[in-house]
Every structure is written in C-alpha cells, then in structure tokens.
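For reference, the structure is listed below as structure tokens.
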Amino acid sequence: MAKYELDLTEMEEFDRIAFFDVMRNSFEHAGQRAGIIDHYYQIGQSVVRMRFAGSALVDWVTKAFAHLRIEPTESADLTIHLFDSQSTETRLPFFMRQWVRELLWHWRKLIDHRSRVITGFEASRIRAAFHPGPGFIRLFDESTDQAILWIKDVADFPDYEHAYPLSNILNWWAQSRQHLLVHSAVIGSADNGILLTNKGGSGKSTTTIASALAGLPIVSDDYCLVTHDDAGYRAHSLYNSTKLKRVSDLQRFPQLKPHIVNWDNFERGENNAVIFMNEAHPGSMRQSLAIRAIVVPTVTHQSETTITPLARAIALRALAPSTMFQLAGREQITFKQVSNIVRKLPCYSLNLGTNIDAIPPMLRQFIDELQPEPVDTAVGSHAKANGVR
Amino acid sequence: MTQQFFTIEPEKIMHDNIDGEVVIVNLENGYYYSLDHVGAQVWQLINAGHSAEAITAQLQSRYSGTEQVAGDVSTLFAKLQREDLVSIATESDGIETIDLPEIPYKTPDLQKFTDMDNLLLIDPIHEVEEETGWPNTN
C-alpha cells in the first residue's frame, strides 16, 4: 500500500480558517471543563487579553508580562487563548490529533526548520507554527486579532518560552499593524533610550542588567516592540525577563541569584538563567522610551568604556539578522523596517571596558546628550538603498 | 557573444546598501554577508542588471591603473555563486544606469558571518529519521 503523506500545499484559505476554528472550539471546550482565567496587559498603545483555560499555564506565561498588567477592559486589540490538554483533562479532536501526529512524523517536509512555520501557513491570513520538541502549536488570525497557543502538557514548556512567551504570536500581530519586534535591549534615561543590540557574548545583557541595577530605566533585555509616528521611533516593553549565560556571571550580580527561576537547569548548564526584573529589581522596567540611537556593544580588554561613532552597515548587521531569524515572521518586511530604523538613527559602538560600575553613569550621560529628533545624516555619505522594497 | 547575467532571488536574498557597504542576508541558511568598497560596487551593478562582462569592463575602465581588476571581479562572481547569493541568467530583467562613487581601488572581499547558526538550535530539533518520526510519538 502506498504510504500516505499530508500535502499541506493543497490547503485553501477556508481550510486554514477551519483549522483555526477547530482549535478555538477546543479551547472553549477546555475552558468549560477547567474554567477561564482572564489577564489584561498594556503593550504599547494596545490592550492584549490572555484567556487561560485552567490555571496551569498562567504562571508560565504571565510572569514575563507582569509589569504590564492592567485592569480588565471592555475590548482588546489582541486576544490570545491558551490551553493545555493535560491539566484541563481534554484532548484535541481526533482528526486534529492525527494531524499533530503527521507533523511529528513528517516534520522535515511540513515545518520550516528555522521558523517552525507550518507549510501552507506562510503568507496567509492564518499564521501557524508548530514546535516539535516541546510539541506546541501557535496560531494567529490576522483578520480577527485572535491567537491560540496549545501545548499537550505544561511540563513540556521550555525555559526560553517561560522567559519570552508568545514571541511568534506577538511578532505576527505586530507585523499586521506595521510595527516591529526587534531583538534588542533598550536602556534609557528620563524618556529617552537607546537600542542596544548585537549577537550573544557582546556584553548586551551584562550592560542591561548593570544599568537596571544602577537605576537606569530599561524597556527590554532581549526583545521589544518598536513603533514609529511623527514623534519618531519608540520602544515598548514586552518582557521583564533577562538572562545570565554562565554561573560565573553571578560573581558580577550576586544579588540576582535568589531570583533565578530555573536554577537547576542553569546549574547543570542546560539553559541560561532566567530572571524576572519586575521581581528582582522592582521599578526598573519602563513601559516605553523614545529611541534616540542604535548602540552596538563589543567587549574590549581596556579598563574604561568608550562610545564612538559606528558605520550604519555594522549596526544593520548587528540588528537585522538576529531580529529576522529569532522572530519568525515575514522576514522581507522585517529587513526593510530594520533598515529604515538604521538609516534614521545615529549609530554608535559601545566599547565595553572591564570596569562595569562605570558603564551605567556613562550611558546615562550619553543618552541625556542625544538629540531629541532622529538624525537623517549618517557617518559618511548617505547612499541610495538598493533592493529594499 | 552570449553575455552572462545574474539574478538575485528576492524571496531568499535580502540586501541593502548603506553608505557604500552592502549587507546581504540569506534567509534560507541564516548566513549574512558584507561587501564594501569595490565589492559593493560590483553588487550594485549586479542588482542594476548589468552583465558580468559589462561590470568587468566598467570597473576596468574606472580603475584603469589597476591590473588585477578583471581577476578580482571574476573571483568575486565565483564567490557570490558559491554562496548562493546570485544565480546565472542568460538575460537581464532590465539594466539600470547607476552612478558609482569615486573611491580608491581595494580588492573586493566578501565577508561571511555564520553566527546565526546558533539560533537554529534555540529550539533543537533532534535528528530523527522520517520512518520512525519524532521520539515522543511512541
């Protein structure tokens, strides 16, 4: 007998909508059994409502957003329905379970290995991603601003999802509104801030944590929402989580050790340490800051830290690839948006010295001296953009 | 004589020229690249639809005092193809005349960055055979 394989490219829009509706009905069924818990959050100018079927997922998902929680509102700009099968004692419908089995058996053909987007859902109204390891599904309906997260068992929830939950869904939603999620820390002074961005090991998290502990407001350590209007670019907080990579990092920040939520995994070297700054250092998180510059940190062997002008192309290399590849979405749009930001803001290199205590006051002074309006001219001549639509 | 043109696949290759340096991102494998100086000029001319022959001739004329221009440009063409950043075409979609800035000659160098590889492992997918499926299915 010929082996049957699921061909998702045959799907049409009504199939994808039906898929979403089945998952939505599954959530309602789980909610009837386990009860519904509602949380509301302010993200940028938008209200995000999270509906949980049962309580099992609440702590896992909401700690990262705790600093943004608000009282219930009459309406929401995004509603996310979250449920698991184990604690709600429900199962997905039979044919959905077979569909998940197909994804697990033929993941090479049915799932993009990098973004986890399911074949057939790449460029439609309904976006869908499946993560085979922990086994959870994320869906977003662009037309109704509704999203769904399902996992079979909360115990399978990975540490990175605890630190930065719902990143796929928030990225899809942001893109539908021409906003942008970027991979960047944001550190500020008064109402002004800088995007601090570079690949891992560049000193970004160390700088962010040191700044927060020294009293500078921070919007993010890893991801933030960026919007743009007549007043310029603004960074909005998503997560109050930060991370430490090595146990030796605790020598710099020993006061954070009691706040590491995944100590066992971290000590075994299995994961980065996850810390929620809203708990570890209350008051350090700011909902938003105006972005005045892009700053790329690099570790030096000097004792003192300096800030020097930086070629925009280097800033683009620091910001674009990690944003595009960490946050699955429409990469072409993301690249263009990131490129626009780099063109409009001054760019600097933060040459990090070994005297960490000196970094926050230097950053504070630097940010206070930044111009309030975005600067159009670059370091060097301003070249015409090619290939960015 | 048949001219050799190049195509840059827009769904796979993102690129931007900022202040004379080109940043290129390959969406399929996560590698990203940098081209500056003469390398950026080669890319601009490729993107503008010029053939390999026309690009070589234009740069030989511009840098007439430099003997290795043809060889350097040919080497860069080969690297761009090897990295799947361009593919060969027999015709152009349209040729655009562009003004190149006056800069001293430097051997074009395609810098490649592979650090995004680590991000592919942020949610590791184990090596599972198609026939046996994912470990948890049993």
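FYI, side chains are in, hydrogens and waters are out, and symmetry mates aren't considered; it's all heavy atoms of this structure. In the text below, chain A, chain B and the rest are named by the order of the sequence lines, each starting its count at 1. What you are looking at is a predicted structure, and each value in this text was computed from that prediction instead of being measured.
By the 4.5 Å heavy-atom criterion applied to side chains, Leu316(A) and Glu21(B) are not counted as neighbours. Counting heavy atoms from C-beta on, the side chains of Leu27(B) and Gln332(A) come closer than 4.5 Å.
Both the backbone and the side chain of Val23(B) come within contact range of chain A, with heavy atoms under 4.5 Å apart. Neither the backbone nor the side chain of Val100(A) comes within less than 4.5 Å of any heavy atom of chain B. Proximity to chain A is limited to the backbone of Asn26(B), based on heavy atoms less than 4.5 angstrom apart.
More than 12 heavy atoms of other residues, nucleotides or ligands shown are found within 6.0 angstrom of CZ on Arg97(A). In the displayed structure, Glu67(B) atom CD is contacted under 6.0 Å by at most 12 heavy atoms of other residues, nucleotides or ligands. Atom NZ of Lys12(B) sits in a crowded spot, with more than 12 heavy atoms from other residues, nucleotides or ligands closer than 6.0 Å.
Under the rule for a salt bridge (Lys or Arg N to Asp or Glu O under 4.0 Å), Glu28(B) has no partner lying at least two apart in sequence or in another chain.
Between the CZ atom in Arg343(A) and the CG atom in Asp19(B) there is a gap of 7.5 Å [rounded to 0.5 Å]. The CG atom of Asp115(B) sits 10.5 Å away from atom OG of Ser202(A), with the distance rounded to the nearest 0.5 Å. Taking CZ from Arg317(A) and CD1 from Ile18(B), the interatomic distance works out to 11.0 Å, rounded to the nearest 0.5 Å. Atom CZ of residue Phe335(A) and atom OH of residue Tyr32(B) lie 12.0 Å apart, to the nearest 0.5 angstrom.
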Exercise answer: donor-acceptor pairs, residues 54-65 of chain B side-chain atoms, under 3.5 Å, sequence neighbours excluded:
residue, atom, partner, partner atom, Å
Thr56(B), OG1, Ala52(B), O, 2.8
Arg62(B), NH1, Pro101(B), O, 3.3
Arg62(B), NH2, Leu100(B), O, 3.3
Tyr63(B), OH, Gln41(B), OE1, 2.8
Tyr63(B), OH, Gln41(B), NE2, 3.4

